[in-house]
Amino acid sequence: MTSVIQNIVSLLSPTAADSLSFLAVPRYLNDELATGILVKSGLANGNAPDVVEEIRSFPIWHKKNRTSWSIDDDVREYVLSKLNGSAESTRRRVLNALREIRRQPEALSPAFNLRRFDLQLARLSLTVEQEQQSGIAVLRQFFNLHHDETSRVVDLYIDESLPAEVPSGTLPDHLHSAYFMRGHYAYKNRQFKAALRFLEPVWKRRGGSAQSRHDAAIAAHLVGLMWSKETRRHHEAENAYRESLELGKEDSHHQAQVLHSLGNLLSKNRQRDKEAEEAYRKSLVLLERIGDQFGQAQVWHSLGNLLSKNRQRDKEAEDAYRKSLLLAQDNAYHQAQVWHSLGNLLSKNRQRGKEAEDAYRKSLLLRGADDQFGQAQVLHSLGNLLGKNRQRDKEAEDAYRKSLLLLERIGDQFGQAQVLHSLGNLLSKNRQRDKEAEDAYRKSLLLGKDNPHHQAELQHSWANFLSKNKSCWPEAEELYKKSLDAAKNNPRHKVMVARSYGLLLIEKGDYDQAEKYLRIALENERNDFYRDTIAAKLEEVARKKAGR
């Protein structure tokens, strides 16, 4: 290939050969721009159009789009490699020529694309060390427009010129801005490993400028959001949020967003529900102050989810959901989410089953055809609601199977595992469908094998199912033990499994072991009513032991 290119270049006139070195620098040209570069660089005057025409008469260029072209990459690489030590000065001369052209936009044709020109000018600036700062500043202006395609182009141009590994030490402001853009773009595209690689140093190795502090505040928030997905990093996530709050303390909107995220993190720990609620309410105060209605709607939804965990606060949770619906009437996606949450709340009250069903169906109507995951979630919830009424088991099964179809289509294995668990529970109520129920449980166990919490819950359900058949008691016992072992850090689950296992052991006549597991259930139960029922079973065991 090199020899072919060398032969072609040797056929060019001396002026055209020199000009080719300059035209190989930019990656976006048209005839007007190429002529301008040659004139402004002093390579050609009256004959510049002829030189461009000569270069384009050889197969060393290709079209970029309908109006633009560029020198082929292999030719560019060959020509620029021949410049040796003069490559930097050539790039600088081309850059200066382009800047001079940019200062006279009135001289350009009406069809000239200034936006694309400015992006290419910034791209070229990144290749000249002394000009990187100005190039990054221009790219940041484009990035701040929040246009997806422009952000992709900006990320590509920075990737071309700056090392992928962030340099050590305090980052100069322009590099800080460059890596912030790369990290933010990666996060938005769910490339979380790359996002952390860029955003953590942006947060921790900032300079002293106001822009660096602002970017570091956002970076710390995004890092916290990523860490919050891993239970073992919740403490680090909280620290990131709190430092983000300090760094962005002069920006009310930023403060409100981070407080919302902090509330979501704290709400994962039942012992910190009060702190989570305080974070949400502080966020709401700030959002009300700046008039951000949609932001308020999002926080009211989260607050409703928190309050709904406490049966004594169901009324407050419902009020929060309805405020959220009122504040975001024009956002169908948000409305669909809140109607789903409200349906889940109402479904806990048997007297409000019709209202819960209406809420689920409103959520389904609001979800677009593209939101297959959202539709699947609501259909799962609707199936759970309908399954409480034996007369509607067929409708419940239909809802589950529709949910499974959607989840299979999008490849969500864990979602399928959850629905198959619920379907197994529904089918297990009909002794004629025990084989189908068992198949559903087995599929669920396989698809959800990487989620310990799901495995524990499924093992409990499956053990309950098997306990109905005396010949399956040994397998049921093994499943109860596995579920209990997985539930060692979950008191609520431990209560349910230990109680179920204790009841099986009573039936089996193993009263010593039954007493052991019922006491485990009693020790972990916090509800007085359920404590009384477990205590009654323990008394029954004591009577049976005494009568042996």
Side-chain angles (χ1 to χ4, degrees), residues 25-28 80 87-103 114-189 191 193-223 240 243-244 246-251 254:
V25 171
R27 293 174 180 266
Y28 157 75
L80 294 180
E88 177 83 2
S89 64
T90 299
R91 283 198 297 271
R92 184 182 289 280
R93 284 178 66 185
V94 172
L95 184 60
N96 289 336
L98 290 171
R99 284 175 174 165
E100 194 173 337
I101 292 169
R102 183 63 180 87
R103 283 193 288 270
L114 286 175
R115 174 184 167 279
R116 184 181 297 158
F117 181 84
D118 287 341
L119 277 168
Q120 294 302 320
L121 194 57
R123 184 186 197 180
L124 180 55
S125 298
L126 295 183
T127 67
V128 180
E129 188 175 350
Q130 293 83 355
E131 302 293 338
Q132 280 187 353
Q133 189 168 344
S134 63
I136 289 169
V138 172
L139 291 178
R140 184 60 185 268
Q141 290 174 7
F142 279 103
F143 186 84
N144 289 345
L145 296 174
H146 305 295
H147 186 278
D148 289 346
E149 176 57 20
T150 302
S151 296
R152 184 193 69 80
V153 169
V154 168
D155 180 71
L156 175 67
Y157 291 173
I158 296 173
D159 183 42
E160 284 176 348
S161 302
L162 297 183
E165 292 304 317
V166 183
S168 59
T170 301
L171 292 172
D173 287 348
H174 67 290
L175 293 184
H176 191 272
S177 181
Y179 289 116
F180 171 79
M181 288 187 277
R182 294 219 66 195
H184 195 285
Y185 179 77
Y187 178 82
K188 191 174 180 181
N189 286 276
Q191 298 166 356
K193 187 175 180 181
L196 278 170
R197 187 172 78 246
F198 294 125
L199 291 175
E200 199 172 349
V202 167
W203 161 29
K204 295 180 177 179
R205 304 216 300 270
R206 62 189 176 274
S209 71
Q211 183 66 58
S212 291
R213 185 180 178 89
H214 174 268
D215 289 351
I218 296 173
H221 183 198
L222 297 179
V223 169
E243 188 159 348
S244 180
E246 177 60 28
L247 288 165
K249 59 187 175 185
E250 295 173 3
D251 183 341
H254 174 79

| request: Look only at the side chain of His221 and the backbone of Ala219, and say whether a donor-acceptor pair between them is shorter than 3.5 Å. | output: no
| said: Could you work out, with side chain to side chain donor-acceptor pair (under 3.5 Å) as the rule, every residue matching Gln211, not counting sequence neighbours? | reply: Asp215
| said: Please report the interatomic distance CG(Asn144) to NE2(His146), rounded to the nearest 0.5 Å. | reply: 6.0 Å
| request: Indicate whether the side chain of Tyr185 and that of Gln191 have a donor and an acceptor atom separated by less than 3.5 Å. | output: no
| task | Check whether more than 12 heavy atoms from other residues, nucleotides or ligands sit under 6.0 Å from atom CD of Glu129, and answer yes or no. | result | no
| field | Where Arg205 and Ser168 come nearest, the two heavy atoms and their spacing | value | NH2-CA, 3.6 Å
| message | If I take atom CG from residue Leu95 and atom OG1 from residue Thr127, how far apart are they, to the nearest 0.5 angstrom? | response | 7.5 Å
| said: Can a donor-acceptor pair be found, under 3.5 Å and without considering hydrogens, that links the side chain of Ser212 to the backbone of Gly208? | reply: no
| field | Side chain to side chain, Leu121 and Val138, heavy atoms closer than 4.5 Å | value | no
| query | Under a 4.5 Å cut-off applied to non-hydrogen side-chain atoms, are Leu126 and Glu160 in contact? | reply | no
| query | If we only count heavy atoms from C-beta on, is the Asp155 to Met181 side-chain gap below 4.5 Å? | reply | no
| task | Step by step, work out the side chain to side chain contact (heavy atoms under 4.5 Å, CB included) result for Arg123 and Tyr28. | result | CA-CA 10 Å; Arg123 184 186 197 180; Tyr28 157 75; over 6 Å; no
| said: Do the side chains of Arg213 and Glu250 get close enough for a salt bridge, i.e. N-O under 4.0 angstrom? | reply: no
| Check: His174 main-chain N/O paired with Ser177 side-chain donor or acceptor under 3.5 Å | no
| Can you list the steps and then say if Lys204 with Glu243 is a side chain to side chain contact (heavy atoms under 4.5 Å, CB included)? | CA-CA 10 Å; Lys204 295 180 177 179; Glu243 188 159 348; over 6 Å; no
| said: How close do Ala216 and Arg206 get, counting heavy atoms only, and between which atoms? | reply: CB-CD, 3.5 Å
| query | Hey, mind stepping through Lys188 and Asp148 against side chain to side chain contact (heavy atoms under 4.5 Å, CB included) and telling me if it holds? | reply | CA-CA 10 Å; Lys188 191 174 180 181; Asp148 289 346; 2.8 Å; yes
| remark: In short, Phe180 meets Leu199 closest at the heavy-atom pair O-CD2, 4.2 Å
| task | Please assess His254 against Ser244 for the test side chain to side chain contact (heavy atoms under 4.5 Å, CB included), listing each intermediate value before the final yes or no. | result | CA-CA 9 Å; His254 174 79; Ser244 180; 2.9 Å; yes
| Student check: side-chain heavy atoms of Arg115 and Thr150 closer than 4.5 Å | yes
| Going by an N to O cut-off under 4.0 Å, is there a salt bridge joining Glu165 and Arg197? | yes
| said: Taking the side chain as everything from C-beta on, heavy atoms only, tell me whether Gln133 gets closer than 4.5 Å to Asp173. | reply: no
| request: May I ask you to test the Tyr179-Pro167 pair for a side-chain heavy-atom distance under 4.5 Å? | output: yes
| task | Check the side chains of Asn96 and Arg92 for a donor-acceptor pair under 3.5 angstrom, ignoring hydrogens and angles. | result | no
| message | Do Pro172 and Gln132 have side chains that approach each other closer than 4.5 Å (heavy atoms only, starting at C-beta)? | response | no
| request: Could you tell me the separation between the CZ atom of Phe143 and the CD1 atom of Ile158, rounded to the nearest 0.5 Å? | output: 8.0 Å
| said: With a 4.5 Å cut-off on side-chain heavy atoms, are Val153 and Phe142 touching? | reply: no
| query | Can you tell me how far OG of Ser125 sits from CZ of Arg91, rounded to the nearest 0.5 angstrom? | reply | 11.5 Å
| note | Between Pro201 and Leu171, the two heavy atoms sitting closest are O-CD1, 4.2 Å
| task | Identify the two heavy atoms, one from Ala217 and one from Gly248, that lie closest to each other, and give their separation to 0.1 Å. | result | CB-N, 3.8 Å
| query | Which pair of heavy atoms, one from Ala178 and one from Ile136, lies closest together, and at what distance? | reply | CB-CD1, 3.8 Å
